[in-house]
Amino acid sequence: MLDVSESRYDRQERIWWWDQTRLLSSRVLVVGAGALGNEIVKNLVLTGVGVIDVVDMDTIEHSNLSRCAFFTDADQGRHKAEVLVEGAAALNPDVTLRAFTVPIQALGSGWVKQYDLVIAGLDNREARMWLNSACRRLGMFWIDGAIEGLQGLARVFGPDGPCYECTLSEADLANLGHRRSCALLKPEDLAMGRTPTNATSSSVVAGVEVQEGIKLLVGRPDLCSLIGKVWRFEGESMLTSVVEYVANPDCMAHDEVGELSVLAALPATLAAAAAEVSALLGENVVAIDLAEDLIHVESCPTCGEGSALLGLRSVLPLGAGVCAACGAERPMTARSSLTPDHVWATTPLESIGWTQSELVGFRTESRSTHVILSEAS
Ligand SMILES: [Zn+2]
Ligand SMILES: [Zn+2]
């Protein structure tokens, strides 16, 4: 028996509601390995959260070094997630860390299911919208944080009540929709901003995010004070406030996945998956519903360059809708729902721009189920 006074976690275990065993067996996904991500991961590792996966596709730039404790000059040009994971691992041998250097969207809408909690340190609304939709559909909590100058906010979104999308105005949503449809016509990501921030703002906000996260991880949502609410911090006046969000009854993100079925292996096509689900349900699948549009991009109509592409919207490369040779727009067709006999449903998944782990809905005349189509399932 280990003397509890000798435990590395002794001081935090003296907090009356603490549950270190549960924290050590928890799995958390951290989205974003920048200023907030560095602080979030540091706090989770010191706390002794058992498994921490970090996803960020960006590489380290000189201007990141003023706010990221795990990055040094020599790391410039390397992937943020990899450097963060390497550095943080040295802080606590009890913790397993992994880095994923792809956009969160490429991991897929079913990916987040394997975690107990998702904590975000993001700098753009597109990724927040995507994450919100995936977590909400799977009935999961996720925690958001944002910083600008000496201001910051932290908020917790749960399986019901207001979600991130509920906090956006009609104009915000219209603007986002427009940017999303333009993304395939522009070669570079316009989401990246150069907002003023500093190290202290990110540590304050990340600290609050992880503090609320720990309460959820130990199974005490009753102690979590920011579910469906936003905590705002203004670092010049030192004023803080908590405001409750209001759920939008018409919010598009509120269609929670009910029944979740499991297939033995990854089927070769969506049609094959539909056939398996039909056998499972004892009824024919009539429609396959995707979490986001599947898009077909034709070869260039002007010069004929570029082979046709089929892929999920967020997996297709930015600018895929524009001919690389002559700049003409390539015709695109988008669908989020297919019949099992549709040509895209009979195209091998291998040749579609697919994700690691995608949540797909299957409908019969009388019921529906969802399946996570992933390599590991
Ligand atoms: Zn909502
Ligand atoms: Zn062309």
Side-chain angles (χ1 to χ4, degrees), residues 31 104-105 109 112-113 117-120 122 124-146 153-177 179-180 182-188 212 216 221 224 226-232 242-258 289-292 295-311 314 316-333 336 359 361 370:
V31 188
I104 176 67
Q105 293 93 331
S109 55
V112 295
K113 180 82 168 71
L117 180 66
V118 180
I119 305 184
L122 288 163
N124 70 87
R125 282 178 168 173
E126 280 83 355
R128 286 189 179 95
M129 281 279 279
W130 185 92
L131 192 57
N132 179 69
S133 159
C135 289
R136 184 76 180 210
R137 284 158 66 85
L138 293 165
M140 294 178 58
F141 280 98
W142 75 282
I143 301 179
D144 186 35
L153 63 81
R155 48 196 173 184
V156 181
F157 297 109
D160 37 47
C163 77
Y164 173 70
E165 204 167 317
C166 293
T167 71
L168 300 178
S169 68
E170 298 262 332
D172 290 335
L173 289 169
N175 185 24
L176 267 168
R179 287 165 62 110
R180 220 163 58 125
C182 285
L184 292 173
L185 301 177
K186 289 185 182 141
E188 78 279 3
E212 290 299 276
L216 293 172
C224 186
L226 296 179
I227 300 172
K229 297 175 188 172
V230 59
W231 174 84
R232 288 183 188 280
V242 174
V243 176
E244 195 158 356
Y245 285 125
V246 179
N248 171 8
D250 301 322
C251 178
M252 298 290 281
H254 293 189
D255 58 339
E256 194 177 328
V257 168
D289 298 316
L290 303 167
E292 61 176 338
I295 296 178
H296 184 262
V297 186
E298 292 174 30
S299 301
C300 178
T302 309
C303 73
E305 280 296 310
S307 41
L309 294 169
L310 180 62
S314 55
L316 285 174
L318 294 167
V322 174
C323 175
C326 77
E329 275 189 30
R330 297 167 60 173
M332 290 188 276
T333 321
S336 61
L359 184 67
H370 279 78

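As the structure is a prediction and not an experimental result, all values here were calculated from the model. Residues take their numbers from the sequence shown, with the count starting at 1. Both counts, for ligands and for their atoms, begin at 1 and track the order of listing.
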Rounded to the nearest 0.5 Å, what separates atom OG in S133 from atom CD in Q105? 11.0 Å
Kindly compute the distance separating NE2 (H370) from CG (L138), expressed to the nearest 0.5 Å.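 CG of L138 is found 9.0 Å from NE2 of H370.
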Would you give the angle at the Zn ion (ligand 1) between C251 atom SG and C163 atom SG, to the nearest 10°? 110°
Need one value: angle at the Zn ion (ligand 1), C166 atom SG versus H254 atom NE2, rounded to 10 degrees.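 It is 100°, given to the nearest 10°.
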Angle subtended at the Zn ion (ligand 2) by SG of C326 and SG of C323, to 10 degrees? 110°
Work out the angle at the Zn ion (ligand 2) between SG of C303 and SG of C300, rounded to 10°. 110°
E329 atom CD, over 12 foreign heavy atoms within 6.0 Å: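 No, CD of E329 has 12 or fewer neighbouring heavy atoms, counting only those of other groups under 6.0 Å.
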If only atom types and distance count, is the side chain of D172 paired as donor or acceptor with the main-chain N or O of S169 below 3.5 Å?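 Looks like yes, one N/O pair under 3.5 Å.
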